[in-house]
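A quick write-up on the structure given underneath.
These values consider heavy atoms only, across backbone and side chains, with no hydrogens, waters or symmetry-generated copies. We name chains A, B, ... by the order of the sequence lines, and we start the count at 1 in each one. If you're wondering where the values come from, they're calculated on a predicted model, not measured in any experiment.
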Amino acid sequence: MTYTLTTPLYYVNDKPHLGSAYTTLACDALARFQRLKGEEVVLITGCDEHGQKIQRTAEAAGLSPQAHCDRISAEYHQLWQQWQISNDRFIRTSDPRHRRIVHEFFGRVEANGDVVEGRQQGWYCVACEEFKDDPAGALDPQCPVHQRSLEWRDEVNLFFRLSRYQEQIEALIAQPEFIQPASRRREVQNFVAQGLRDFSISRVNLPWGIPVPGHDGHTFYVWFDALLGYLTALLESQGDGETSEAGLGELSQRGWPAQVHVIGKDILRFHAVYWPAMLLSAGLELPKQVFGHGFLTREGQKMGKSIGNVLDPEALLERCGADAVRWYLLRDIPFGDDGDFQQQRFVDLVNNDLANTIGNMLNRTSAMARRWFEGTVPPAGAAQNADHPLAQAANAAIALVIPNLETLDFRGAAEASLQLAIAANGFLNTQAPWSVMKKEGNQDQVASDLYAVLEAARLVALLLGPLVPDLSARMLEQLAQAPLNSGPNQTNSIPWLQQLQWGRLAVGSPLPEPAPVMARLELDGPL
RNA sequence: GGCUCGGUAGCUCAGCUGGUUAGAGCGUGGGAUUCAUAACCCCAAGGUCGGGAGUUCAAGUCUCCCCCGAGCCA
């Protein structure tokens, strides 16, 4: 079965911010994990490019909407490459293929009697792309979210008959695993319990959008078309000579339904309520899970242009490297909760966990093994037994990492991996091979102890593969092991789960000259 | 205004269906050690579990009220 997962399709109103990077990075870790387990994975990301806001932003910049979208989505594309995001697809909703899918989808919905005309009158926020409830007779009503003036609209729009799906949606979100984390489920349930109202799916007088077939002058409401991007992404030509005209009928062979939509908590309603109803209407399967993670603040403050405290993901990557940032965000912030980016803590954790605990463990052990055992992995001796303390620690770590990654508990996975490294360091200190070695006739003991720690290091590297792939590769290189393949369409000649078995490190294989696998972060000045 | 989710050591958080001296990591202080990236290992200090009342033999853990923060709906 295909494991399909999605990031949101990011709105190209502005250049990428750290929040988008956070979501994407988490998805990348999950995708890599699933690939390592041997699943066929489709990680979808991309950009949402329609709507009035985009049209106006483009105008303000003196660009055509398409040129503006080309520019911003290229930035996203490039950023994900720099972050080594292993997305299998990158879909843009201004892609002509997408228009075709939207039309097909709309055809199904309309044929099902779920599209009706209605007059919509009220105050509209362009930033939200939403009608607001009547703001009690103010002269210049403001959007409570965006603090900007609302615009009066009076137009005939097409509505999707969401109200027909009340019961089905209630049943869906009653399933405990559908909305994650569970703490956000009640909120959505309360919203649905108030009664679902039809929502408009078209706009008039908005050229920058996908035209609604059979309804001149209407373009699709940006959300209606954006969500469908997930489907278009799956129907992309797979480059094996087939014609690229796959339609909705082929979705089930292309990886639909998604196993999980990973999103920010702000768009939970669209994904957990509107989207499933749309899919039901079109006769398509529903995603298995919607995971709404929290938001990032910085040093306790909301990030924003007006405060001037925005952390630019590109700059962050350049100064600190992908491993450091990935580790900090995934290891320190419970995925699902809001989190606070604190520079001191960032530096402390990266240095302690990655450089000191993990990196130094490998470094010190490798140095000893090379010195006393002719540059090779020493004979395992007693260390190959499954009841060796480090073998047991390793199995305990593995038994935590896998289920934690399965449920997007990256923090738990990181901690369990780290725990193995801590155990290995502790073992080394109690065994003290450096002093045992000074006495004659203890070679075997030292060999066995060093082997055990090297083997533990190998397993730490393997467990870290999904979270910090580069560091994992560097560690494996130090152990003269092949790096893990966890990118798109990659497989490993020896499956990951098999590589995770204790004792596979080959005795006698040469150890490269030790070089720190993780440099300590030394930041001069604020990020 | 209604609702949701939080408020546990300086910081980030664990604490399941109520039950021995409330835990971890970071930070801080001390010790030990020298294989190693001034790294590792060990130990310690630090909490009246937001406040108040109640239920109970027993409450961080249940009930009610209040305060603070984030958010959803109106």
Side-chain angles (χ1 to χ4, degrees), chain A residues 130 132-136 144-145 179 181-197 264-270 272-273 292-297 299-302 327-329 331-373 378 400 404 409 411-412 414-419 421-438 446 449-450 453-454 457 474-475 478 513-522:
Chain A
E130 254 178 6
K132 295 289 164 182
D133 290 299
D134 224 338
V145 183
I179 295 176
S183 54
R184 285 190 222 294
R185 187 160 99 240
R186 191 73 52 87
E187 206 162 83
V188 179
Q189 282 178 320
N190 289 344
F191 170 76
V192 173
Q194 289 171 14
L196 292 174
R197 292 185 296 183
K265 61 183 182 177
D266 54 329
I267 53 176
L268 187 53
R269 222 170 72 210
F270 287 100
V273 180
H293 72 248
F295 286 154
L296 259 26
T297 51
E299 313 293 346
Q301 277 194 309
K302 196 175 271 190
W327 180 255
Y328 173 61
L329 293 178
R331 130 92 217 236
D332 199 37
I333 299 163
F335 198 62
D337 293 3
D338 288 343
D340 192 34
F341 189 104
Q342 298 177 333
Q343 181 166 334
Q344 188 59 52
R345 189 166 173 79
F346 168 51
V347 172
D348 284 344
L349 285 187
V350 168
N351 289 348
N352 271 295
D353 300 344
L354 263 28
N356 298 351
T357 301
I358 293 174
N360 185 48
M361 164 193 62
L362 175 55
N363 196 249
R364 65 196 297 211
T365 313
S366 175
M368 288 186 275
R370 275 173 57 90
R371 185 169 312 147
W372 301 323
F373 297 93
L400 285 171
N404 283 338
D409 181 359
R411 182 185 213 245
E415 273 175 0
S417 311
L418 189 61
Q419 212 51 51
I422 289 171
N425 274 322
F427 177 78
L428 216 41
N429 277 50
T430 54
Q431 296 304 102
W434 50 88
S435 53
V436 174
M437 196 60 191
K438 287 173 186 160
V446 170
D449 291 345
L450 293 183
V453 177
L454 287 172
R474 271 178 271 126
M475 290 179 72
Q478 283 281 294
E513 186 170 346
V517 289
M518 187 73 198
R520 294 170 60 85
L521 275 180
E522 311 277 353

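At a cut-off of 3.5 angstrom, the base of B:A36 holds no donor-acceptor pair with the side chain of A:N363.
Dashed line: the shortest gap from a side-chain N or O of A:R520 to OP1 or OP2 of B:A36 is not under 4.0 Å. Within the structure, every side-chain polar atom (N or O) of A:K302 is placed at least 4.0 Å from both OP1 and OP2 of B:G69. One finds no side-chain N or O of A:N356 lying less than 4.0 angstrom from the OP1 or OP2 phosphate oxygen of B:U37.
The closest side-chain donor-acceptor pair between A:N404 and A:R411, if any, does not fall under 3.5 angstrom.
At the heavy-atom level, A:R370 lies nowhere under 4.0 Å from the strands shown. Here A:D332 lies in heavy-atom contact (under 4.0 Å) with sugar-phosphate atoms only. Looking at heavy-atom distances under 4.0 Å, A:R371 makes contact with sugar-phosphate atoms alone, never a base. If you check every strand for non-hydrogen atoms under 4.0 Å, A:P433 touches nothing. Counting non-hydrogen atoms under 4.0 angstrom, A:V517 reaches a base of the nucleic acid. Residue-level contact check: A:M437 touches neither bases nor backbone, having no heavy atom under 4.0 Å from any strand.
Rounded to whole Å, atom C1' of B:G10 lies 11 Å from atom CD of A:Q342. Residue A:E415 contributes atom CD, which lies 18 Å from atom P of B:G23 at whole-angstrom precision. Atom P of nucleotide B:A70 and atom CG of A:D340 are separated by 13 Å, given to the nearest angstrom. We find that CH2 of A:W434 is positioned 11 Å from C1' of B:A32, with the value rounded to whole Å. Note: CE (A:M518) to C1' (B:C40) measures 18 Å, nearest angstrom. One atom, CE of A:M475, and another, P of B:U37, lie 16 Å apart when rounded to the nearest Å.
By the ring-ring contact (aromatic ring centres under 6.0 Å, His included) test, A:F295 is found to be paired with no residue, residues two or more places apart in sequence or in another chain being considered. Under the rule for a salt bridge (charged side-chain N to carboxylate O under 4.0 Å, His left out), A:R364 has no partner lying at least two apart in sequence or in another chain.
At a non-hydrogen distance threshold of 4.0 Å, A:R345, A:D348, A:N352 from residues 343-352 of chain A come into contact with RNA chain B.
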Would you tabulate the nitrogen or oxygen pairs shorter than 3.5 Å linking the protein to nucleotides 2-5 of chain B?
unit_1	atom_1	unit_2	atom_2	d
B:C3	O2'	A:N190	ND2	2.5

* Asked: What would the secondary structure line of RNA chain B be in dot-bracket form, counting Watson-Crick and G-U wobble pairs under 3.5 Å, with [ ] for pairs that cross earlier ones and | for pairs with another strand?
  -> (((((((..((((.....[...)))).((((.........)))).....(((((..]....)))))))))))).
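Comparing the same atom, C1', in B:U37 and in B:G47 gives a spacing of 35 Å after rounding to whole Å.
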* **Protein proximity profile, nucleotides 41-46 of chain B - base contact B, sugar-phosphate-only contact S, no contact -, cut-off 4.0 Å on heavy atoms** => B-----
